[in-house]
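Here the structure comes first, spelled out in structure tokens, and everything after it is commentary.
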2 protein chains.
Amino acid sequence: MGWGDLGAFGEPSKETPNLDQMASEGMLFLDFYTANPLCSPSRAALMTGRLPIRNGFYTTNAHARNAYTPQDIVGGIPDSELLLPELLKKAGYINKIIGKWHLGHRPQFHPLKHGFDEWFGSPNCHFGPFDNRALPNIPVYRDWEMIGRYYEDFKIDLKTGEANLTQIYLQEALDFISKQQASQQPFFLYWAIDATHAPVYASKHFLGTSQRGLYGDAVREIDDSVGKILKHLKKLGISENTFVFFTSDNGAALISAPKQGGSNGPFLCGKQTTFEGGMREPAIAWWPGHIPAGGVSHQLGNLMDLFTTSLSLAGLQPPSDRQIDGIDLLPAILQGKLIDRPIFYYRGDEMMAVRVGLYKAHYWTWSNSWEEYSKGINFCPGQNVSGVTTHTQEEHTTLPLLFHLGRDPGEKYPLSFASDEYQRVMQQISFIVQQHKATMVPGVPQLNVCDKAVMNWSPPGCEKLGKCLTPPKSDPKKCFWPH
Amino acid sequence: MGWGDLGAFGEPSKETPNLDQMASEGMLFLDFYTANPLCSPSRAALMTGRLPIRNGFYTTNAHARNAYTPQDIVGGIPDSELLLPELLKKAGYINKIIGKWHLGHRPQFHPLKHGFDEWFGSPNCHFGPFDNRALPNIPVYRDWEMIGRYYEDFKIDLKTGEANLTQIYLQEALDFISKQQASQQPFFLYWAIDATHAPVYASKHFLGTSQRGLYGDAVREIDDSVGKILKHLKKLGISENTFVFFTSDNGAALISAPKQGGSNGPFLCGKQTTFEGGMREPAIAWWPGHIPAGGVSHQLGNLMDLFTTSLSLAGLQPPSDRQIDGIDLLPAILQGKLIDRPIFYYRGDEMMAVRVGLYKAHYWTWSNSWEEYSKGINFCPGQNVSGVTTHTQEEHTTLPLLFHLGRDPGEKYPLSFASDEYQRVMQQISFIVQQHKATMVPGVPQLNVCDKAVMNWSPPGCEKLGKCLTPPKSDPKKCFWPH
């Protein structure tokens, strides 16, 4: 989802009454970022409170490349990382993930080995349908074992766009919440639904109901589902005891537009890029009786902050034996404080940009390569800012491109290098970047090696279902990351 | 102002609490348009309920050119046009214009000759400062006579951006409302402030208070002023008896960005163009006790509708001896009805585009000429849609470019000419355009002739002030309209 996809954030068709209501009962974050312009690294950062460059969710196969966890990825979340649910266990929390895990699909990376008590969902994106020969269909797990595969047992009709997966995920969420409330146990629910990722789908009830086409139908179904979850919390009488945060793992994928792509509002480009459209996210905090209703925050926030903030809510301290990038947002949320902190925009192994206050400095610019662009892959459709949305990787490390995101949210007008403003601001930013780089200890890169033999051929539980497939011979290779 | 300039419309810094509050107490229009991408023709349309092509506010000097009323314009609002205040007089209304008139500055075009009872403001834009030799400074009128000139008697500091004009206009509004309330007379107030037009200014109290720079300071001052006007209506106990509508006369002028230009949100290009950024406007209706609070309307609305709607509120019928383009919005505002009607996008003498439902067909596309563009004049900075934001006037009358504004609000993806959708929709639109063109009777163009002798050399009242200047010899010429 993109920053501009919700009514409360200015989407022109205003079709998200439940999320808008959530914002009016809670707090809207206008300057909230994901940790990476792509799914897997973002989610690894959310779970660990650490930048992907630290937790290993990046690649060194080529410079500044986005990488994720397709079926043939060999790596995944390292055992050395401490995940949010592992830590929450110490405070007696029961943890469930519903939806896409995306931190590795091989047995050692299973979410129940990393702190979750329950899982309903898939390890990878719902791409397909596959033929189960060159590529297996993606399995859907309940806890330790698979219970079927996408397209086979969990229908997704790519022609009509119909699939009732969001409804299934919603029911799972409602049931889990009811169960925890009945047993009076504190819980952490990571509701990581697949929608609105392409191929976009919605259930029959929502198909054709949006002005925005199938993508809008999917957004409406998410909006409706969030409304039902919040209503459920109220009905169970635990809304004042439950902290809820809504956000996304990357900007809207404009390559999928207009049929399956969302909106990044006034921001530049989309998913895969380190421009604002790729990383600034819709974000809403909700906790009736605690968060002042209708609040609007300009706190610079990041997905990784949810790690630290959640620990704080549970009365826990973040680990002290490693660098944690997420900050505790509670002072911003509950007392309206503004905490000074930078936002780092990474693409793979490279720090592309940094935001300090209202200023953003680009040390590298790249949309995608001419080669990919000439195939029709465009991360900035209709947008072209000379020298900024470049199709070659442009280094600006000695003289970064500087933008004022207040006067120029669309990153269209770099400040003059000769201006006093540039000199003054870059002095401050350079110091922060220097500090960041000097203390950076990159983790072992997890997204370098791919092997068709490790794909989801025979996930645990496949025997009972007669759904085991024979893997090809192992042939590990460097993964190819074009972007 | 642009569609994206208010918090309620998704401006990322959310600095318009009063206008957002007005929306939450009233009704937000998401699909509201101006009648023209430029100031004078828009205002002529607002006052007459008629398209500029009918009321004469266009030029035939060249094809599809934007024209307005600079100081040397010879034309103005024709006597044959019936203006809203002229008609409201029949129902006993006292009418006042505060701010920019822009419908001609020569004596026969004076607002008090066209139905207004009072005027405080200027006939033209606040450009300057001029030397009073080649060009006179723009006069400020109180009613029939000038009381000073911009930059001389009404300070505008272009270096600091300081001017207290909006405060003066605010006080005029509050005083007028008090006076009418005291005398129990119904009133029509046309609060046509100059801000946020370039050169942008704000009063000292607001300078430097916005994340968005000087433009944002000006927006904040307008927001604050609207808040004070609404509060005043409440305090006087007449809020339930006063219909208030907030909107703008064209999209944000992106040529002035980032220092003096606003935001058109997710829409394409800005002022001067017939893309959505040039003509879709922020719009809020407010009438406590009548308009359901927090309403959101997808009614296709137009500035011209305020003419017909205002007459309806006063119990009057629109003139029946001429074509009126504005419709009565009250069924949409009070009963939530959706009235089927097209929106026509004109640039000078040419119908460039038409919107029917969610579809928009471009019959002509043009941003500006290569010649102007090469001088650095860019109406679509950072935006470039191949074959759409063209720098030559491109005719598509036999095969219009068709966009779905729900799936594609940014006008980036023309529908395939071969698609069933294109065929079906264009059949419907063609019929509407045919009807429109067949019954069109253009008015006598008022914006063709310019003459330096007609400038504001010696406005009425100049003698008393010793501010009369000697005009040069009359030398009428065709006005040059580059855009």
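Convention: sequence-line order gives letters A, B, ...; per-chain numbering from 1. Predicted model only: the values in this text are computed from it and were never measured. Just so you know, these numbers use all the heavy atoms, side chains as well, and skip hydrogens, waters and symmetry mates.
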Are the side chains of [X] and [Y] in touch, meaning some heavy atoms are under 4.5 Å apart?
| X | Y | value |
| --- | --- | --- |
| B:L19 | B:F246 | yes |
| B:V356 | B:V425 | no |
| B:V296 | B:M27 | no |
| A:V385 | A:F275 | no |

Identify which part of [X] has an atom lying under 4.5 Å from any heavy atom of chain A, answering side chain, backbone, both or neither.
| X | answer |
| --- | --- |
| B:P381 | both |
| B:L28 | side chain |
| B:L415 | neither |

Can you give me the closest heavy-atom contact between A:I333 and A:A285, atom names plus distance?
CD1-CB, 4.3 Å
Could you tell me which non-hydrogen atom of B:L401 sits nearest to which non-hydrogen atom of B:P414, and how far apart they are?
CD2-CB, 4.5 Å
Working to the nearest 0.5 Å, report the span between CZ of B:F29 and CG of B:L300.
11.0 Å
Got a second to check how far A:F32's CZ is from A:I343's CD1, nearest 0.5 Å?
8.5 Å
Counting heavy-atom pairs under 4.5 Å with chain A, the top scorer among B:P12, B:G10, B:P266 is B:P12
Below 3.5 Å only, please: all the donor-acceptor pairs between chain A and chain B, one per line.
unit_1, atom_1, unit_2, atom_2, d
A:A8, O, B:K14, NZ, 3.1
A:S13, O, B:H298, NE2, 3.0
A:K14, NZ, B:A8, O, 3.1
A:H298, NE2, B:S13, O, 2.9
A:G382, O, B:N384, N, 2.8
A:N384, N, B:G382, O, 2.8

Most heavy-atom pairs under 4.5 Å with chain B, out of A:A257, A:G410, A:G265, belong to A:A257
